[in-house]
Number of protein chains: 2
Amino acid sequence: MKLLLVEDDPLHLSYLREQIGGALPECDEVFEAANGQDAEALARRHPGADIVMDLQMAGRTGIEAARTIWRERPTTRILFWSNYSDEAYVRGISRIVPMGAAYGYVLKSASEERLRLALRGIFLQNQCVIDNEVRGLQQRSLGQAGGFTESEYEVLLDIALGLTDRAIAERRGLSLRSVQNRLHQIYDKLEVSRPEAGGEEPVLNLRARAVSVAILRKLLNHGALERAEAELRGWMAGRARH
Amino acid sequence: MKLLLVEDDPLHLSYLREQIGGALPECDEVFEAANGQDAEALARRHPGADIVMDLQMAGRTGIEAARTIWRERPTTRILFWSNYSDEAYVRGISRIVPMGAAYGYVLKSASEERLRLALRGIFLQNQCVIDNEVRGLQQRSLGQAGGFTESEYEVLLDIALGLTDRAIAERRGLSLRSVQNRLHQIYDKLEVSRPEAGGEEPVLNLRARAVSVAILRKLLNHGALERAEAELRGWMAGRARH
DNA sequence: ACGGCGTTTGCGGGATCGCGCAAGGGCTTT
DNA sequence: AAAGCCCTTGCGCGATCCCGCAAACGCCGT
């Protein structure tokens, strides 16, 4: 059994090695990478290897690496081992998991026991093991209760990037008015619709406020913004060429 | 010599203990806290203790704890040991350092050698030791080159929270026009002033765009927003009582 | 086919935002 | 004092945003 560890913090890496030595004695080969690029290359060279990987790393993100790895070999088992339980990460992952692939998501703050159980569950039993703190988000993220449609989430990203209504309409292929309707739904779900009673003057700019509470609720985070920004640049470039 | 370690991640804590044992043999008493509140209480009970502490912890932040500790005893030496070099954190700290206090800021990704040097420099030699990656921000944060005035930063936070121009004017005691001038300076410094040539339609909503690039450049982060949000709630409450 | 239900689209108006222009106050320089 | 600079404030205009209203389209079940 072969394992590929992807983690850029040497401290966490050594902890990981130790836990794996204890929990997975049937693992006899361990490869290591410190970023997404090396991870993809190593995964290509060792087609049988399972993967444990961190999410946020310098350069290529764990999510990006996972996407290309899964695209090339959808049965690869991956355990994501991350600091955060932001919805932005969970959403990013649940969008790229291939049907039936075994994977896991455990927080670095989890106990040793939890990590060991996840390692054995995923790599020996082919289970999916997801920490409780994450599981809550998982469901909201796909179901609807308080969660966001994919297209609503896209528009949310667009206003977070600072796009104008008209630009969003053009980019997403909607009419101007539809974009505004989307915005209204978003304002509703984020509960920024003016609760201000009576004839008072509004204190909040809904558009900006929506982005604010989205970040506070961890629907958006720095990484998600960066990815969206990159996509935006691509779109702008293609658009400039008429 | 007494030391107080404030760190909520047991893994990092044990690493810290180990490094301190090696680098500071003259340290004979070590206390530990896992959050800001406990840290403040312990610091009160042991007035001679120096402090090593993490920045982001559940509950009370390291920055908040540092502020109250320094308020009570401005000569306390504190080494901040953190994952991030976001400007938001650096700014938060440089606002609360008492005159002449010895303190330090080293990244968790730094080498063992760097950490040991910082420990000895701060606690034995009364120096200020700040990692290079952070130092860059430090200077921009206070000087002006590309950096932000305190009042500009406040307004930036306000629009990030979603406040309306009028609300900002009321809150900061400025005229509506002055707020707009501040915004213009902010747009300038963030380089969101429409580079769009010719009679094209604008693609960006400046207000929202400014927040976006502020986050991408790590001028703002989740923690800074949370603190600002808390202050905002306080202001709104006081305002409601006319 | 017919009547509901949700979504999409257009129109119009009121409020806000973005900003150029110009007048005033405070500060330093000559 | 006079001149210069920076910041503040007010006025006004155009563009955008926010939203209520109503018509058009697709979808579903009886």
Side-chain angles (χ1 to χ4, degrees), chain A residues 144-145 148-214, chain B residues 143-145 147-214:
Chain A
Q144 70 273 45
F148 279 60
T149 308
E150 202 54 41
S151 79
E152 284 170 350
Y153 191 72
E154 284 178 350
V155 173
L156 177 60
L157 276 174
D158 284 342
I159 64 171
L161 288 174
L163 287 180
T164 219
D165 286 12
R166 201 185 318 284
I168 300 177
E170 180 184 346
R171 187 180 185 193
R172 304 297 179 193
L174 300 173
S175 83
L176 194 68
R177 195 58 180 83
S178 289
V179 173
Q180 294 170 337
N181 282 340
R182 292 271 150 96
L183 288 182
H184 191 75
Q185 301 168 225
I186 293 176
Y187 299 153
D188 258 7
K189 294 193 180 175
L190 292 176
E191 296 169 333
V192 291
S193 301
R194 39 191 91 251
E196 345 204 3
E200 295 198 19
E201 59 195 3
V203 180
L204 294 176
N205 174 321
L206 295 188
R207 168 177 292 252
R209 182 61 182 168
V211 176
S212 182
V213 327
Chain B
Q144 69 274 42
F148 279 60
T149 309
E150 202 53 42
S151 78
E152 284 170 352
Y153 192 71
E154 284 178 351
V155 174
L156 178 59
L157 276 174
D158 283 342
I159 64 172
L161 288 173
L163 286 180
T164 214
D165 285 13
R166 201 186 317 286
I168 301 178
E170 180 184 346
R171 186 179 185 196
R172 302 298 180 191
L174 299 173
S175 83
L176 192 70
R177 195 59 181 82
S178 289
V179 173
Q180 294 171 335
N181 282 339
R182 291 267 148 99
L183 288 182
H184 190 75
Q185 302 168 225
I186 293 176
Y187 299 155
D188 257 8
K189 294 192 179 176
L190 292 177
E191 296 169 334
V192 290
S193 301
R194 37 190 90 249
E196 344 206 2
E200 295 198 17
E201 58 195 3
V203 180
L204 295 177
N205 174 321
L206 295 187
R207 168 178 293 252
R209 182 61 182 170
V211 177
S212 182
V213 327

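Just so we're on the same page: letters track the sequence lines, and every chain starts at 1. Bear in mind the structure is a predicted one, so any value in this text is a computation, not a measurement.
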**Complete:** Note: B/A160 and A/S212 closest approach over all heavy atoms is O-CB, 3.0 Å
**Asked** Shortest non-hydrogen contact from A/L156 to A/A214?
**Response** CD2-CB, 4.1 Å
**Item:** Nearest non-hydrogen partners of B/I159 and A/A208, listed with the distance
**Value:** O-CB, 3.6 Å
**Request:** Measure from CG on A/L183 to C1' on D/dT16 and round the result to the nearest Å.
**Result:** 13 Å
**Message:** Measure CG/A/L204 against C1'/D/dC17 and give the value in whole Å, please.
**Reply:** 15 Å
**Request:** Starting at OG1 of A/T164, measure out to CG of B/L206 and round the result to the nearest 0.5 Å.
**Result:** 9.0 Å
**Request:** Enter the inter-axis angle for the ends of the helix from C/dG3-D/dC28 to C/dT30-D/dA1 (five pairs per end, rounded to 10°).
**Result:** 20°
**Message:** Holding to salt bridge (Lys or Arg N to Asp or Glu O under 4.0 Å), I want the full list of residues that pass it with A/R166, two or more places apart in sequence or in another chain.
**Reply:** B/E201
**Prompt:** What pairs with B/Q185 under side chain to side chain contact (heavy atoms under 4.5 Å, CB included), at least two apart in sequence or on another chain?
**Reply:** B/E152, B/R182
**Item:** Between D/dT16 (P) and B/N205 (CG): distance, integer Å
**Value:** 11 Å
**Item:** Letter per nucleotide, 5' to 3', of nucleotides 8-15 of chain C [B base touched, S only sugar-phosphate touched, - untouched; heavy atoms, 4.0 Å]
**Value:** BBBB----
**Request:** Identify, with sequence neighbours excluded, every residue that meets salt bridge (Lys or Arg N to Asp or Glu O under 4.0 Å) alongside A/R177.
**Result:** none
**Request:** Taking only the side-chain nitrogens and oxygens of A/H184, find out if one of them lies under 4.0 Å from OP1 or OP2 of D/dC19.
**Result:** yes
**Request:** Round to the nearest Å and state the distance from A/R209 atom CZ to C/dT16 atom P.
**Result:** 18 Å
**Message:** Going by the rule side chain to side chain contact (heavy atoms under 4.5 Å, CB included), which residues pair with A/L163 if we only count those two or more places apart in sequence or in a different chain?
**Reply:** A/D158, A/A167, A/I168, A/R171, A/L232, B/V203, B/L204
**Request:** Rounded to the nearest angstrom, tell me the gap between atom CD1 in A/I159 and atom C1' in D/dC18.
**Result:** 13 Å
**Prompt:** Just how far, in rounded Å, is C1' of D/dT8 from CZ of B/R172?
**Reply:** 18 Å
